[in-house]
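Input: a single structure, listed below in structure tokens.
Both counts, for ligands and for their atoms, begin at 1 and track the order of listing.
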Amino acid sequence: MPDLPTLANLIDGRLEAPVGGRWLEVHEPATGVVHARCPRSDERDVAAAFDAAQRAAPAWASLAAHDRAACLNRLADLLESRLESFAQAESRDSGKPVALARRVDIPRAVANLRFFAAAIQTVDGESHAMADQAINYTLRQALGVVGCISPWNLPLYLFTWKIAPALAAGNTVLAKPSEITPLTAFMLGELAIEAGLPAGVLNIVHGLGPEVGEALVTHPGIKAVSFTGSTRTGAAIAQATATQFKKLSLEMGGKNPAIVFADADLSDANMDTIVRSGFSNQGEICLCGSRLLVQRDIHDEFRSRYLEKVKALRVGDPEAADSDLGALVSSAHFDKVMACIRRAREEGGQVLTGGDAVHLQGRCANGWFVAPTVIEGLSADCRTNQEEIFGPVVTLIPFTDEAEALAIANGTDYGLAASLWTSNLDRAQRMAARLEFGIVWINCWMLRDLRTPFGGVKNSGLGREGGNEALRFFTEARNICIANANP
Ligand code: NAD
């Protein structure tokens, strides 16, 4: 592959080829063409990155918070100044519309860096006085070297969501982006050098999960692992590290419900949000509502309005300004989603719209495109309604009352995010308290305040990210007790 852009690891402030000299092909989902090669690193690269991170750790941890924040802010400023080239790269690597990367992914990566740069300078300390006896204070210190592993669906957005709090809290980082979408993390590594991040503070090692990922999480010197990805990989990480007693934050899969009550305000804007909650980023967002529960009283009318909007979604070249959906991220993922649609039909589902691959002309003729698909007529406990598909597939499920909606919504092994549409505040609060999900959106979806705790329950997550939760995860809290002097 002589003319392909060649990515590199970031180790000790330098861009390095993998020690073993092996490479992975990176595909452009919209065309199916290989557009870059990325290091297929191994445990030797992980060891070198760890050593660099460990050497850098004491000086980074002892910098004043505002000096660490200044580094993150410089990185954020550089990223913002290159927003367009990052958006183009993210779209090329992942298949998402470039307009989405421009509007959401890259601005959010900038915001992640700035948010944690600010948070580390304003975070409160804790102290507990024991009358006449002592004062306790909580000393929160950086852990040392931490591991951050991120998935392909929101590549830079989730990469920065992890490294920003880790670095802000004074840790040095060994990060592994997804091998399917490595481009923007590599580009961020280049910017980290330009921003003057001290060598070894941020190390990025590219490669496969079972090779680099496993070597990273099981490295005895890695004090904590923040992982986002599938439940299966989360379980493998928990198992592989069980005897090492390191901190784990696992953000995993979902099978999220969107619940629409008859009393909901179904304005055009709200209908658009409900459609977006199923199909944004080709349905490849862990927070997408893939089960659409609709109260029977309004079911038929809702269905026809909903289908009209879904049918109007344009699947197209991610570079085109009017594409609502781009390509699925990989050939393997395309095959998986198509197999899930076949299985839904076998389970008795009726496909109301979509259900097929989309064949585009021109440069996208060999891309991995799937039509937005809506299916009805399935039982709540069939595999289609229980297992994560992670594609542009939504099932319609009617319900009669609150109790039935709750039973269906809670009736999976997952518990990441639910959205609830109702104009009855009592009902909204009652339901929110009983829905077994880490996030409940009421009359909205994907409205994110970075200060709030983020994470799932059940098989969707262990631990919380966001705001102070992330800073707590990336620090060790110790109790210092000072006895009062004798009176
Ligand atoms: P994945 O689990 O296949 O991979 C995620 C990351 O883990 C990749 O970097 C991969 O290389 C690495 N990895 C794989 N095997 C590993 C191992 N044995 N040890 C260490 N690391 C390993 O997930 P994916 O397909 O990239 O992403 C899609 C999944 O991520 C979906 O299930 C989705 O719901 C989930 N997700 C969850 C959230 C959340 O916040 N809860 C956000 C985005 C995506």
Note every protein N or O atom lying under 3.5 Å from an N or O atom of ligand 1, pairing the names and giving the distance.
| unit_1 | atom_1 | unit_2 | atom_2 | d |
| --- | --- | --- | --- | --- |
| ligand 1 | 2 (O) | S230 | N | 2.9 |
| ligand 1 | 2 (O) | S230 | OG | 2.7 |
| ligand 1 | 2 (O) | T233 | OG1 | 2.7 |
| ligand 1 | 9 (O) | S150 | O | 2.8 |
| ligand 1 | 9 (O) | K176 | NZ | 3.2 |
| ligand 1 | 11 (O) | K176 | NZ | 2.8 |
| ligand 1 | 11 (O) | E179 | OE1 | 2.7 |
| ligand 1 | 11 (O) | G209 | N | 3.4 |
| ligand 1 | 23 (O) | S230 | N | 3.3 |
| ligand 1 | 25 (O) | W152 | NE1 | 2.8 |
| ligand 1 | 26 (O) | W152 | NE1 | 3.2 |
| ligand 1 | 30 (O) | G229 | O | 3.2 |
| ligand 1 | 32 (O) | E388 | OE1 | 2.6 |
| ligand 1 | 34 (O) | E388 | OE2 | 2.6 |
| ligand 1 | 41 (N) | M252 | N | 3.2 |
| ligand 1 | 41 (N) | M252 | O | 2.8 |

Report yes or no: is the cationic atom of R40 (NZ for Lys, CZ for Arg) under 6.0 Å from the centre of the six-membered ring of W23, at an angle within 45° of the ring normal? no
Could you tell me whether E84 and R102 have a side-chain N and a carboxylate O separated by less than 4.0 Å? yes
Do the charged groups of E251 and R464 touch, with an N to O distance under 4.0 Å? no
Indicate yes or no: does E346 engage R383 in a salt bridge with an N to O separation below 4.0 Å. no
Which residue, P165, P453, S249, forms the side-chain contact (heavy atoms from CB on, under 4.5 Å) with E465? S249
Tell me if the centroids of the rings in W161 and F115 come within less than 6.0 Å of each other. no
